[in-house]
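What follows is a single structure, written as structure tokens, with notes after it.
This structure is a prediction, so every number in the text was calculated from the model and none was measured.
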Amino acid sequence: YQAKFQEAKKASIAKTVNPKLIGKPLSSAVPEYTPATSNGSLDSFDKFNVTSKIGTEFKKESGIQLSKLTDEQVKELALLVSQRGVVFFRDQDITIEEQIELGRKFADPSAGLHTHPVTDAESDLGDKVLKISSEFNEYYNQDPVYANNGWHTDITFEPSPSNYAILKIVHPPETGGDTLWASGYAAYDKLSKPFQKFLEGLTAYHSSFQQFGAIAEINGRQLRTDRGGENHSINLDAVHPVIRTNPVTGLKSLFVNKVFTKRIVELSKPESESILQQLFQVVVDNHDIQVRFKWNKNDVAIWDNRSTFHNATPDYGKQYREGHRVTALGELPFFDPKSKSETESLST
């Protein structure tokens, strides 16, 4: 299968769109937005920050169940996830149907939930749930030797990418399979101020045609074009700001990732390759902006794709691992020059 995948991947590379030939330029307009404020509705549930920069976990003993949250509590949870990057819940009873409904509450109403481009139209979990399993991962594992090649942000190849994602692990391996997240806010703050200013206003070309186009080809499937929001193109590519503003917090975040970001549009190819490699390494090399989560059965993680990166650890050999992800779609990415860094926000 891997041999067929590599052949199909090579063929798909030739079909990849040149970023210089993409149609209309990315709009520099900043939409109206107001950062959210806390309503305190989750204060009665005990939780702790797993690290100083990213990750909050609700204690199992608190009794919190995602299946029983009120609409006000969902709003508060969305704010917490945007502030802390990722939030963890132990031993959740939430069903597939309830997980989908929770995802809809997180999604931009005009965009809804994402349908993955290689989701089978006859999937037993439905269009809006991506089954993430050890079998699925084998289809597009880029390099099983170097685990750090997997750092990414979900579906940035879409014009309307994800705001929040909800993953429930229903079958963890006995050992291994941890997931790591890194903060995009903290990654931005790692950059020098002149470098930050240089990157602000630049745009990057994202594509997944090489991965998912190859998967569809060797499985005899058509790529899905009914993927929600403005996500209809068969090219599976988009252009987004290199530095993005999260409208929930009003904070700046680094928004390029190792798996899907192919080119900084305004730069020459050698310049782009050099700078992207620097930015990727900020995420990979700095464990002080990362958090690692060890899964147990029925644990749930919810993260904000606008300001985080994540990477599953492929260290469980032939053991089976399965999770179900619901991916909410958000606003079109934008950069607000008046937005602040996390460091600036904390100092005011």
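Residues Gln290 and Ile54 approach most closely at C-CG2, 3.7 Å, considering heavy atoms. The minimum heavy-atom distance between Pro159 and Leu332, with the atom names listed, is O-CD2, 3.2 Å. The heavy-atom pair separating Gly103 from Val326 by the smallest distance is CA-CG1, 4.1 Å. Of all non-hydrogen atoms in Leu125 and Lys131, the two that sit nearest each other are CD1-CB, 3.8 Å. Across Phe195 and Gln278, no two heavy atoms sit closer than the pair CZ-OE1, 4.3 Å. Val283 and Ala187 get closest at one heavy-atom pair: CG2-CB, 4.4 Å.
In this structure, the ring-ring contact (aromatic ring centres under 6.0 Å, His included) partners of Tyr33, at least two apart in sequence or on a different chain, are Phe334. Residues passing the ring-ring contact (aromatic ring centres under 6.0 Å, His included) test with Tyr185: none are found, sequence neighbours excluded. For Lys128, the salt bridge (Lys or Arg N to Asp or Glu O under 4.0 Å) test picks out no residue, with sequence neighbours left out. Legend: residues meeting salt bridge (Lys or Arg N to Asp or Glu O under 4.0 Å) with Lys190, ordered by chain and number and at least two apart, are Asp288. Residues meeting the salt bridge (Lys or Arg N to Asp or Glu O under 4.0 Å) test with Asp108, sequence neighbours left out: none. Judged as a salt bridge (Lys or Arg N to Asp or Glu O under 4.0 Å), and not counting sequence neighbours, the contacts of Asp71 are Lys105. Scored by the side chain to side chain contact (heavy atoms under 4.5 Å, CB included) test, Asp124 finds no partners at all (sequence neighbours excluded). Taking Glu200 as the reference, Tyr188, Gln196, Lys197, Ile243, Lys252, Phe335 meet the side chain to side chain contact (heavy atoms under 4.5 Å, CB included) condition, with sequence neighbours excluded. Taking Trp295 as the reference, Phe293 meet the ring-ring contact (aromatic ring centres under 6.0 Å, His included) condition, with sequence neighbours excluded. Applying the side chain to side chain contact (heavy atoms under 4.5 Å, CB included) test to Thr175 and every residue at least two apart in sequence or in another chain returns Gln319.
Side-chain N or O atoms of Arg321 include one that pairs as donor or acceptor with a backbone N or O of Gly177 at under 3.5 Å. With Asn231 contributing its side chain and Ser160 its backbone, the two residues share a donor-acceptor pair below 3.5 Å. Remark: the backbone N or O of Asp315 is not paired with any side-chain donor or acceptor of Thr313 at under 3.5 angstrom. Side chain of Ser253 to backbone of Arg244: no donor-acceptor contact under 3.5 angstrom is found. Distance alone, capped at 3.5 Å, is enough to place a donor-acceptor pair between the Gln99 side chain and the Ile166 backbone. Within the 3.5 Å criterion, the main-chain N or O of Thr156 finds a donor-acceptor partner in the side chain of His240. In this structure, Glu158 contributes its side chain and Glu230 its backbone to no donor-acceptor pair below 3.5 Å. Between the side chain of Asn257 and the main chain of Val259, a donor-acceptor pair closer than 3.5 Å is present. With hydrogens and angles disregarded, a donor-acceptor distance shorter than 3.5 Å links the side chain of Arg227 to the backbone of Ser233. Remark: side-chain polar atoms of Lys168 are paired, donor with acceptor, to backbone N or O of Gln92 under 3.5 angstrom.
Between atom CD1 of residue Ile64 and atom NZ of residue Lys59 there is a gap of 13.5 Å, rounded to the nearest 0.5 Å. Here OG of Ser41 is found 4.5 Å from CD of Glu76. Values are rounded to the nearest 0.5 Å. One distance of note links CD of Gln83 with OG of Ser307; it measures 10.5 Å at 0.5 Å rounding. Atom NZ of residue Lys75 and atom CG of residue Leu69 lie 13.5 Å apart, to the nearest 0.5 angstrom. Note that CG of Asn305 is 6.0 Å distant from OG1 of Thr153, once rounded to the nearest 0.5 Å. Considering CG of Asn39 and OG1 of Thr70, their distance stands at 8.0 Å, rounded to 0.5 Å.
Counting non-hydrogen atoms of other residues, nucleotides and ligands closer than 6.0 Å to NZ of Lys60 gives a total of 12 or fewer. Dense packing is recorded around CD of Glu344, with more than 12 heavy atoms of other residues, nucleotides or ligands lying under 6.0 Å away. Within 6.0 Å of NE2 on His287 lie no more than 12 heavy atoms contributed by other residues, nucleotides or ligands. Crowding of Gln277 atom CD: a count of heavy atoms from other residues, nucleotides or ligands under 6.0 Å exceeding 12.
Salt-bridge formation is detected for the pair Asp127/Arg224: a Lys NZ or Arg NE/NH1/NH2 atom is positioned less than 4.0 Å from an Asp or Glu carboxylate oxygen.
When Arg292, Arg90, Lys47, Lys294 are each tested for a salt bridge (Lys or Arg N to Asp or Glu O under 4.0 Å) with Glu57, only one passes: Arg90. With respect to Trp303, the ring-ring contact (aromatic ring centres under 6.0 Å, His included) criterion is satisfied by exactly one of Phe88, Phe309, Trp181: Trp181.
When only modelled atom types and interatomic distance are considered, Asp304 and Ser82 share a side-chain donor-acceptor pair under 3.5 Å. Counted by atom type alone, Thr327 and Asp154 present zero donor-acceptor pairs between their side chains at under 3.5 Å. Counting only N and O atoms by type, the side chains of Ser268 and Glu271 include a donor and acceptor under 3.5 Å apart.
Counting only residues at least two apart or in different chains, ring pair (Phe, Tyr, Trp, His ring centres under 6.0 Å) contacts with residues 151-174 comprise Phe106-Tyr164, His152-His310, Phe157-Phe212, Phe157-Phe260, His171-Tyr320. Residue pairs that meet the ring pair (Phe, Tyr, Trp, His ring centres under 6.0 Å) test with at least one member in residues 39-76, sequence neighbours left out, are Phe58-Phe89.
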